[in-house]
Amino acid sequence: MAVGIFDSGLGGLTVYDAVSKRLPDVPLVYFGDNAHAPYGVRDADDIFEKTTFAVERLWDAGCDLVILACNTASAAALRRMQERWLPEDKRVLGVFVPLIEAMTEREWGDNSPPREVAVKHVALFATPATVSSRAFQRELAFRAIGVDVEAQACGGVVDAIEDGDLILAEALVRSHVSALTRKMPEPEAAILGCTHYPLMQQTFQDALGAHVKVYSQANLVADSLSDYLERHPKMRGSGTENIFLTTGDPGQVSDRATQFLRRRIEFTAA
Ligand code: DGL
């Protein structure tokens with residue numbers, strides 16, 4: 001049994017880390033498409049091609065269920081994959097819905113009509129492709145009314161993290177937060193809508209101020225995966241090993257991953 005976790009690069013490791021702690025007995029196969037990161041500046045067709053290529057590699061590694069631990073792929077490719085591409089015995093889940101359910105105080109699968117929720121002013125930080133897809137606002141509108149969302153496309157942050165340049169990443173985060181607060185001076189909540197951003201969570205929190213509740217996805221996705229596997233135990237797949245695959249340079253990607261997760265992680269070529 002193995003579950004696949006996919007991201008354009010290192011960001012999905014934030015989800016991997018939470019899932020491996022929540023479900024220590026489930027083998028996980030991670031695929032980072034580091035050679036092609038960032039996805040956030042690509043068009044939807046390109047993101048679809050790259051994401052489906054990676055997901056097929058994860059089927060081959062014994063996964064029947066893959067988590068797209070990438071908001072950009074979830075926003076630009078997931079719906080098309082589910083409607084027109086997915087084989088009947090496989091599943092692909094995105095990372096948006098658990099986050100929006102948490103923010104709108106809903107239980108998993110609560111399909112009741114949209115209603116008023118406590119937060120009214122939400123800042124969304126995400127990649128340019130995720131922001132322009134408006135997928136977050138669409139999912140939110142199914143569940144909540146009267147929420148004002150101001151989105152900030154955070155150009156450059158994923159590249160800086162992938163390059164291991166955390167000083168640049170921090171400077172960019174501060175400048176994106178300041179651009180956002182010029183448009184929405186008093187957000188009550190902020191969504192880190194890219195799985196790379198939890199690696200900079202403290203910087204987002206400092207720049208926004210302690211009064212802003214910052215939502216990030218890793219633990220929410222781990223909880224919802226655990227719930228899903230309890231209800232669909234057959235989707236655990238046939239793989240038995242924890243594996244890390246990359247399209248990038250395995251030595252360099254392993255070093256960055258080790259730096260982020262603070263334990264040795266060994267990637268091999270995908
Ligand atoms: N971690 C991906 C996401 O959640 C990064 C996107 C990118 O490669 O630009 O959106």
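Numbers for residues simply follow the sequence, beginning at 1. Whatever order the structure lists ligands and atoms in, that order sets their numbers, starting from 1.
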Query - Cationic N near anionic O, under 4.0 Å, D45 to K50 - result: no

Query - Under-4.0 Å salt bridge between D33 and R57 - result: no

Query raised in the report: Which of the numbered atoms in ligand 1 are below 4.0 angstrom from a heavy atom of S8?
Result: 5 (C), 6 (C), 7 (C), 8 (O)

Query raised in the report: For atom 7 (C) of ligand 1, what is the nearest protein heavy atom, given as residue, atom name and distance?
Result: Y39 N, 3.2 Å

Query raised in the report: Are V15 and M235 connected in a single hydrophobic cluster, I mean Ile/Leu/Val/Met/Phe/Trp/Tyr linked by side-chain heavy atoms less than 4.5 Å apart?
Result: yes

**Report entry** Any C70 heavy atom less than 4.0 Å to ligand 1
**Finding:** yes

Query raised in the report: Side chain, backbone, both or neither: which part of D7 comes within less than 4.0 Å of ligand 1 when only heavy atoms are counted?
Result: side chain

Requested in this report: Step through it carefully: locate the ring centre of F125, locate the ring centre of Y197, and say whether they are under 6.0 Å apart.
Outcome: no

Report summary line: Restricting to heavy atoms, the pick from N71, L192, N34, T130 nearest atom 3 (C) of ligand 1 would be N71

**Report entry** Residues, nucleotides or ligands: over 12 heavy atoms within 6.0 Å of R264 CZ
**Finding:** yes

Query raised in the report: Hey, are R256 and D249 close enough for a salt bridge, meaning a charged N less than 4.0 Å from a carboxylate O?
Result: no

Query - Nitrogen or oxygen atoms of T127 and ligand 1 under 3.5 Å apart - result: no

Query raised in the report: Any idea which protein heavy atom is nearest atom 9 (O) of ligand 1, and the distance to it?
Result: G40 N, 2.8 Å

Report summary line: Of all protein heavy atoms, the one nearest atom 10 (O) of ligand 1 is T72 OG1, 2.6 Å

